[in-house]
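All remarks here apply to the structure that follows.
Sequence lines set the chain letters: A, B, ... in the order given, protein chains first and strands last, and positions in each chain run from 1. Because only heavy atoms are used, hydrogens play no part in the values below, and waters and symmetry mates are left out as well, while side chains stay in.
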Amino acid sequence: MKVGRGGARRPLTRALPLAPSLVLLLLFLAGPIAYCAYIAFTDLQLTGQAHSSFVGFDNFTAAFKDDAFLNAVWLTLVFTVLSSLIGQNTLGLALAALMQRASKTVRTVTGAVVICAWVLPEVVAGFLLYAFFRREGTLNAILDWLHLPTQNWLFTLPILAVSFANVWRGTAFSMLVYSAALGEIPKEITEAAEMDGAGGWRRMWHITLPMIRRSIGTNLMLNTLQTLSVFGLIWVMTRGGPGNRSQTLPLFMYEQAFQKSMIGYGTAVALLLLVVGSLFSLVYMRLLRSEA
Amino acid sequence: MRPTAPVLLSATLLIAATGLTACGSGSGDDPDTVRISFKQSTDNQIRVMDKYLASMKTQFEKDHPGKKVKLVPIKAPDSEYYTKLQQMLRSPKTAPDLVYEDTFLINSDITSGYLKPLDPYLAKWPDWNQFIDTAKNAAKAQDGKTYGVPDGTDTRGLWYDKGIFAKAGIKTPWQPKTWDDVLDTARTIKKKVPSVTPLNVYTGKPGGEQSAMQGFEMLLYGTGSDTADPLYDKASNKWITAGKPFKDALNFVKTVYGEKLGPDVSDALDPNIGTRVRGELLPESKLAINLDGSWLPQDWLKGSGHEWPEWSQKLGLAHMPTQNGQAPGKVSMSGGWTWSIPSKASNPDLAFEFIKTMQTKANAQKWYIANSGIAVRKDVAADPAYVKAQPGIKFFTDLVASTHYRPAYPAYPKVSTAIQEAMESVTTGDSSVEKAASTYDEQLKTATDGKVITK
């Protein structure tokens, strides 16, 4: 996109209509973020303290010495890679590719089902999947019917269960993005490749993927950022437990800030989460730029 | 500019403007309305407090013409109730006029400056002399001022199902003398009546303070003599690190869950386990022994949703024994809740008037009976109508003599969380008792700014 070239020569008054939204953004977005950044450097508590004071980088150094924090970072990465990079992204692409070929009825039905999962509020989706995975849940009922061994999935494999839940919930978004991208590929190119004797996989690898690279980048970035901040889903399904075995960074942050009352420390963790998010974004943006 | 842009812009402005006005009009400004926040049960059928407060509201509004009471229930499990309340107390716009505070957190909220000292009111209130001294101290801060009026206290013990005991061939009335007696009975039940859960001990973070107090501390305070506090050393004003008593208590928890004498671990770590025990496991005879508080019958009273008047024939009561049966032979912990006035309340005077309405002798008695509370007013405790109102009241009131109070200093809530984490890690089998104890020591140091002592 080539926007804004030569914008400097335009009169400043042209930016005037933007001013109100700029003010609102500063007030409601930048303001709270700046305040959070400030709190992260204090020892502010929810209760048990008359005055808070400035403690410099103490909260951050404490975090990196805290086993529970490192555990949360690790689980967040596992959760993001499993559910966003691998799950939502690949499954979304696969679904979109299959739907290109499918009949209109199949397309409508599949689309409706997948999008239903996406439209459901996070908490409702959480309860549904809790009911699916719990000991007396649907999954075990099916396994039992097939004479396969059952177990309490939320207890034995909590991080896998919540990752699956996130895939279930978030795949629709990827599917929509990729459906749009695949629809943009001119038929002639695919047909020409077919004439030249390229099979399905080769066409996918050499024609389709390079042509939708931009969409892949955008989709990965949006998916990752969304997955990094998943809270309600995990909270409803496991509350980060058992032990700390599904406690990702947002849950860890909530526990520190609101259950242990350490607002300062919790906010510092939130800032670190922001850093993780921007690192991911940087990587994707680089990928996008080098090939554009 | 595309034609949609101005529309979008004005819509944004409109939303922002409504948001701002909503913030501006604090709902606590009305001088004739008392706003009261309390904890509403997460079980929709339990409405004991709602009903009691509704009747107090009617009475108060009748006695004070022109004044209004607005009830602001907070529906949440214990651990989340405190958080929501503290957030409300931070700002004058959201602070209610009267709040229901757990004594375990009250010192923490006092230190934060969230609550108002009540001494000027109490001095002019004759009924205050009716309160027993331990109860008066429950909401007294380190500055010597009193910040809350207690509406009862509680004690704890073992509830057991006589039917299951009969099936297992265990004689009732049952009174274990040591921890081993409790465990052995549970093992017998597991063998003879495999379809039930032998013993429930609350554990882990999801249960919050219920795990620490009904679970761990009922064990810990039974490890030594009855005078020394195993958590806090009063002589040096320091918190005690995890020594042998602490590890013994953890070992008990580990045994219960390791030998599968307790509920399935995933049920035990469900935040709603307390509600399930009261509403389902005990009434349906699925649980043999339950280490729990004196207030259980409030869920089974008439009109409570889970009516179970036969409970007193079906269930027996036993003291929780000390570890090896050492004097005084039994353990109980006590706490309770108080009514407090936030420092940012807009109508503190009217709020205290409401406390007075709730705490006339007749109303206090009505409340103790409704919520299965243990009386802290001398006049009620002496009233035969109170003692006879419910089976079990005598048993639990007698425990007051040998009960313990938590070291409710500002660091306590964090210490409690550290205890819950230690319990949880041995319950799930994630760590050994030794490892859990050393993790507790580290957390204790952080939680108390290094004010720890090894004993």
Side-chain angles (χ1 to χ4, degrees), chain A residues 14 16-25 27-29 43-52 58 62 65-68 71 130 133-137 151-156 158 161 235-245 247 251 254-263 265-266, chain B residues 1 5-6 8-10 12-13 15-17 19-20 79-80 82-87 89-90 105-114 204-206 208 264-271 409-414 416-418 420-421 424-431 439 442-443 446-447 449:
Chain A
R14 287 199 60 167
L16 208 60
L18 284 178
S21 43
L22 189 72
V23 169
L24 285 176
L25 267 181
L27 202 65
F28 291 108
L29 200 70
D43 61 355
L44 184 70
Q45 294 189 5
L46 193 58
T47 181
Q49 174 199 53
H51 304 284
S52 62
D58 280 10
K65 276 193 219 149
D66 187 344
D67 286 344
N71 170 63
Y130 168 77
F133 280 115
R134 66 194 284 255
R135 199 152 33 91
E136 294 91 16
Q151 55 186 311
N152 189 342
W153 300 96
L154 293 170
F155 185 70
T156 46
W235 181 254
V236 169
M237 288 178 68
T238 66
R239 298 217 175 190
N244 290 334
R245 279 186 266 156
Q247 194 179 50
L251 278 99
Y254 178 83
E255 181 184 288
Q256 300 306 317
F258 297 114
Q259 293 185 304
K260 296 191 181 173
S261 305
M262 297 188 281
I263 300 276
Y265 185 52
Chain B
M1 205 185 254
L8 268 177
L9 195 66
S10 26
T12 322
L13 277 173
I15 292 165
L20 283 171
S79 54
E80 283 156 44
Y82 310 132
T83 308
K84 287 190 186 169
L85 196 60
Q86 282 152 357
Q87 283 168 323
L89 294 177
R90 286 183 90 87
L105 214 74
I106 197 163
N107 267 297
S108 195
D109 284 351
I110 294 167
T111 312
S112 306
Y114 291 159
K205 267 191 299 186
D264 188 89
V265 177
S266 55
D267 291 333
L269 296 179
D270 186 323
Y409 303 109
Y412 177 78
K414 279 186 226 163
S416 165
T417 313
Q420 295 156 34
E421 282 178 16
E424 183 161 336
S425 62
V426 300
T427 302
T428 56
D430 278 359
S431 54
T439 312
E442 277 166 39
Q443 293 195 349
T446 326
D449 287 327

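No side-chain donor-acceptor contact under 3.5 Å links S261(A) to the backbone of F258(A).
Ranked by heavy-atom pairs under 4.5 Å with chain A, the first of P413(B), A447(B), S266(B) is S266(B). Taking chain A as the reference chain and counting heavy-atom pairs below 4.5 Å, the highest number among T446(B), D270(B), T83(B), I110(B) is found for T83(B). By number of non-hydrogen pairs under 4.5 angstrom with chain A, the leading residue of T428(B), L89(B), L105(B), L269(B) is T428(B). Counting heavy-atom pairs under 4.5 Å between each of D264(B), V265(B), T427(B) and chain A puts D264(B) at the top. Contact count versus chain B (heavy atoms, under 4.5 Å) is highest, among M262(A), Q45(A), Q259(A), for Q45(A). Ranked by non-hydrogen atom pairs under 4.5 Å with chain A, the options T439(B), T417(B), T111(B), D267(B) are led by T111(B).
Cation-pi contact between R245(A) and F155(A): present, with separation from the ring centre below 6.0 Å and deviation from the ring axis of at most 45°.
Annotation for R90(B) and L44(A): closest pair NH2-CD1, 3.6 Å, computed over non-hydrogen atoms.
For R239(A) and E80(B), the salt-bridge test passes: some basic side-chain N is under 4.0 Å from an acidic carboxylate O.
For chain B, the nearby part of Y254(A) is the side chain; its heavy atoms alone come within less than 4.5 Å.
Looking at Y412(B) and N107(B), their side chains never come closer than 4.5 Å, going by heavy atoms from C-beta outward.
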